[in-house]
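Lettering follows sequence order; numbering is per chain, from 1.
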Amino acid sequence: MIQALGKMGISTFGWLGRCCIFLVYVASGFFIALKNWRDLIAQLYFVGVLSLVIIVVSGFFVGMVLGLQGYNTLVDFGAEESLGVVVSLSLVRELGPVVAALLFAGRAGSALTAEIGLMKSTEQLMAMEMMAVDPLHRVIAPRLLAGIIAMPLLAAIFSAVGVYGGYFVGTGLLGVDDGAFWSQMQAAVDFNGDVMNGIIKSIVFGFVITWIAVFEGYDTAPTSEGISRATTRTVVNSSLAVLALDFVLTAVMFD
Amino acid sequence: MMQSRTVETTVGVFIALGLAAIVVLAMKVSNMSTLGSDDGYQVSANFDNIGGLKVRSPVKMAGVLVGRVSEVSFDDETYEAVAVMTIDAKYVKIPEDTTANIYTAGLLGEQYISLDAGGAEDYLQEGSMIEITQSAVVLEQVIGQVLFDKASGDDEE
Amino acid sequence: MGQIQQSVDPIVRTEGLSFARGDRVIFDKVNIEIPRGKITAIMGPSGCGKTTLLRLITGQLTPQAGTIFVDNEEVPKLSRTKLFELRKRMSMLFQSGALLTDLTVFENVAFPLKEHTELSDEAIRTLVLMKLEAVGLRGARGLMPSELSGGMARRVALARSIALDPMMILYDEPFTGQDPISMGVLVRLIKLMNDAMNMTSVVVSHDVKETLSIADYVYILSAGKVVGKGTPESLHNAGSKWVKQFLNALPDGPVHFHYPADEFANDLISGGRS
């Protein structure tokens, strides 16, 4: 029992240690990644553009649901003009960064882990090392950088589309006044306090998700079983990390 | 080669979309468009009690937003609260003897400073101080007062 | 053992090399010398650590005891930068070819040139086409690795590994899983490359016939030891019983057909209770 606990502790700290050393090596390759900007753009395509459809569609639906639910609650108090506030604040502060991050973990994170795991199992990473090219700089760094750049953009798109989803349901279907919807929203949402904090959150999420994803891929056992496990771990761990970090960041930002 | 150009174009579109979304959030959703916070002049006022007034609380005249509270502090010589507000630069003709009241928007809404224009010839300037102020109404005090009045009224009868 | 031609300045030299994975000893004080400009074969049964030897030579693994010199540099003691410098002068051909799957054949061969040289695009193009021509795949330059057969992938990988004109190429099981034709092509290519470019080749393999047909010198490993070394002819004539079994692919000999077990009869009588 105690032994099992100790074993778990050792393996956890070992994992954390490898994770951090890995990050330091990768970060030292950011400059090289920026120099190879074509690679970076290709990675932005994979993590950003290919996640765009799911982000836009879910953003719109989440916004519409918020509009519907918010309206049903607010109309009891005769405060349906505040619908814009409810929709936009929930999206900009929480749902935009968090839901976009969870979708990103499922879409891009798992794909990154599988891709890098496959490169490892087919000896491509080893082959690069043998060609005196550091795969941490050449393969991992541009992917991590692309994740950090793409995530806030995706979250912003999610929030913006979501606000229009709420607007569509609220004013189009439920008859909330158009002007009140926007003006109350503008009065209540603060750019520095709300929008910027949401963007900062999503940058942190993008970093953590991509970090976990590329590390799991790099650290995987080079077998098909190992890769499938690593992919699952990426989605589970990065989703948990996002939710936990969201709490911490919210506590720090909106005290 | 063709393929990499398509990739570059779509990535360009993606980044443009993302930035556009941030601009939408800034201009349409939040208050960036309505008030540039640094653009204006500062005026201070002392209150006995500012209640729930916070930095960035609105400052209104005749119900129109003319500025925001930029700093709240406590003066330990007069034992009063000092609220510094930034008034939008386009409102330069506010009389010097204007009064500042702290009101609550609705029964339970947020608190804001309402300015009521006086009749003086001179106008408020950067660094001016509003002399006549009325503090926030603290709900507990009001309720306490009502109960107290009621009780003392009963005694007299 | 026959006439062993010791070269004065071997390109690879291991001294008392020992390596273990967990409790399993893979090398036990192994001394190997690989002469310059020759094709040296390293043979042995599956799982005897042939690939591990290549990884030790290239510095991907570090030995627990003993050391390795490559071109007079002590590999386990090199810094990462120095090791990378050394690796530019040697290449390794992986079993799978290990082509980068998101690049075309052309880009794969161009990859080391783009990374390590300042050549113009035009010069790189010329070089790449030369290398591809040498392996007979100039016409396949626009294909993706997924569109290549296993043999073609290895030939592209070979073109890539000679892109920087290395002093030595290490081949990891180049013949495994190949049909006779592509095997013949690979055998010929390895010989051709070695002679034409004055390189050193190290071939790790257990395909006896093909390997011996081109090797100048052979090491046979088993159970962590060198059990035979010499020219192919001398081994055929004077090898130990074990070497004979290995080279002639006999089913039984010093290496038994049966995995160590109790008497078969005893096992049957015990009725599955053990």
Side-chain angles (χ1 to χ4, degrees), chain A residues 37-53 55-56 59 77 79 82 84-85 87-89 91-92 96 100 146 149-164 166-167 181-196 198-199 202, chain B residues 1-39 52 54-60 63-71 86 88 103-114:
Chain A
W37 58 273
R38 271 175 197 283
D39 262 21
L40 186 61
I41 286 189
Q43 292 314 318
L44 272 174
Y45 179 78
F46 282 114
V47 300
V49 175
L50 295 184
S51 309
L52 202 54
V53 172
I55 289 287
V56 168
F77 303 102
S82 302
V85 180
V87 170
S88 60
L89 273 189
L91 277 169
V92 166
I149 296 171
M151 187 70 255
L153 297 176
L154 289 171
I157 292 172
F158 186 96
S159 297
V161 170
V163 167
Y164 278 95
Y167 171 75
F181 184 89
W182 290 116
S183 65
Q184 292 233 0
M185 184 189 298
Q186 284 174 6
V189 180
D190 179 37
F191 183 74
N192 291 322
D194 298 317
V195 178
M196 275 319 278
I199 290 174
S202 60
Chain B
M1 250 10 210
M2 189 58 211
Q3 212 186 2
S4 88
R5 195 169 300 160
T6 336
V7 167
E8 282 166 23
T9 314
T10 45
V11 169
V13 170
F14 164 64
I15 292 178
L17 265 180
L19 294 179
I22 294 177
V23 171
V24 165
L25 291 180
M27 292 313 190
K28 188 114 191 174
V29 176
S30 75
N31 49 14
M32 270 281 271
S33 56
T34 51
L35 187 74
S37 56
D38 296 330
D39 214 20
K54 290 197 265 303
V55 172
R56 294 203 59 78
S57 290
V59 177
K60 296 182 178 182
V64 176
L65 188 72
V66 295
R68 285 192 184 273
V69 175
S70 51
E71 192 189 328
T86 304
D88 201 323
Y103 288 150
T104 306
L107 190 59
L108 299 167
E110 62 171 349
Q111 288 183 304
Y112 64 97
I113 295 179
S114 172

In terms of heavy-atom proximity below 4.5 Å to chain A, should B/Val11 be classed as side chain, backbone, both, or neither?
-> both
Highest number of heavy-atom pairs under 4.5 Å with chain B among A/Gly198, A/Ala150, A/Ala42, A/Pro152 belongs to A/Ala150
Heavy-atom proximity to chain B below 4.5 Å, by part of A/Leu52 | side chain
Between the CG atom in A/Leu50 and the CZ atom in B/Phe14, the distance rounded to the nearest 0.5 Å is 10.0 Å
Chain A interface, residue from B/Val13, B/Leu19, B/Leu17 that has the most non-hydrogen pairs under 4.5 Å = B/Leu17
Atom CG in B/Leu25, atom CG in A/Leu91: separation rounded to 0.5 Å?
-> 9.0 Å
For B/Thr10, what residues pass the side chain to side chain donor-acceptor pair (under 3.5 Å) criterion, not counting sequence neighbours?
-> none
Heavy-atom pair count under 4.5 Å with chain B, highest-scoring of A/Ala155, A/Ala160, A/Gly84 | A/Ala160
Using non-hydrogen atoms and a 4.5 Å limit, figure out which bit of A/Phe158 sits close to chain B: side chain, backbone, both or neither.
-> neither
Cut-off 4.5 Å, heavy atoms of chain B, and the answer for A/Ile199 is side chain
Would you check if A/Arg38 and B/Glu8 make a side-chain contact, meaning some heavy-atom pair closer than 4.5 Å?
-> yes
